[in-house]
Structures are given as C-alpha cells and as structure tokens.
Amino acid sequence: MVRRIPPGRATTYGHIAALCGKPRGARAVGWALHALPDGSDVPWHRVVNKSGGISISKVGLPPELQRALLEAEGVEFEPDGRVDLKRWGWTGTDA
DNA sequence: ACGGTGACGAGAT
DNA sequence: TATCTCGCCACCG
C-alpha cells in the first residue's frame, strides 16, 4: 500500500489502514512500518499522522530524517513543521 | 491467558 | 480552537 504512494506526496496511517480494509487499524500500520527492514523499498517517509506531523520520534528515529526525505521529493513543510495534507495528501484516487 | 505499550484517530470537554 | 480521554489493531513481557 505504502509503496503505491507517488513520490512528492504524503498520506496518513489511517488512510493506509482504510485502503487495507481496516479503517481503525492506523496503529497497526505504524507497527508494520516500524518493523520494516532497512533496505526496504517501502517509502515509509511518505506516511504521516492525521495532523500531517511526524511521530517517528517515539521509536527513536530522527524526525529530521523523514522531513529531509520528503523535502527531497519536493514536499513543503508548514512553519509548524507539519505537512499540509490538503495539498500534499494522497488519497489513492489520484496517482 | 492477561495486561501493558506503541510510527494513530475520533469524539467529548 | 486546543486538550484530554477512549477505542483501535498488533506485539511483548
């Protein structure tokens, strides 16, 4: 699911879960990404929380990393350090 | 088998 | 509008 998120776009855990048929399984999505192997081809950095913010610091990962990865794809961050999902959000309806 | 925890989300205050 | 609380699914002790 995460793999089909186009570059330069971002989506939420809940949305991924919904696309998987588990609208309430957002937390499980997070767990899945946390369990990803290092060399994985999954663009986990394109997944943010519903607020467009980064929560990876909870597992010890540097939020700056995810931010850098997204910015490298052209995604712009709000002054509050969050992504505007209304603009960069990917719903799956738009490839 | 039980209870606690964590890359989350929605409803209530 | 900002915070808090409760509910979700899966994993660990």
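Naming convention: chains lettered A, B, ... in sequence-line order (proteins, then strands); numbering from 1 in each chain. All values reported here derive from a predicted model rather than from experimental measurement.
- Nucleotide dC8(C) holds its C1' atom 7 Å from the CZ atom of R27(A), rounded to whole Å.
- A distance-only check finds a donor-acceptor pair linking the side chain of S40(A) to the backbone of V42(A) [under 3.5 Å].
- T12(A) comes within contact range of the sugar-phosphate backbone alone, with a heavy-atom separation under 4.0 Å but no base atom that close.
- Within the 4.5 Å cutoff, the side chain of Y13(A) has heavy atoms near those of the L33(A) side chain.
- Atom CZ in R24(A) sits about 13 Å away from atom C1' in dC6(C), given to the nearest Å.
- Taking the side chain as every heavy atom from C-beta outward, R46(A) and Q66(A) never approach each other to under 4.5 Å.
- W31(A) places its CH2 atom 13 Å from the P atom of dA10(C), with the value rounded to the nearest Å.
- One distance of note links CD of E64(A) with OG of S57(A); it measures 9.0 Å at 0.5 Å rounding.
- Using a 4.0 Å cutoff to heavy atoms of chain A, the contacted part of DNA chain B runs 5' to 3' from dG6(B) to dA10(B).
- Atom-to-atom distance recorded for I5(A):CD1 and I16(A):CD1 is 4.0 Å, nearest 0.5 angstrom.
- The distance between atom CG of D80(A) and atom P of dA2(C), rounded to the nearest whole Å, is 10 Å.
- For the atom pair L70(A) CG and F77(A) CZ, the distance stands at 4.5 Å (nearest 0.5 Å).
- Atom CG of L36(A) and atom P of dA10(C) are 16 Å apart (whole Å).
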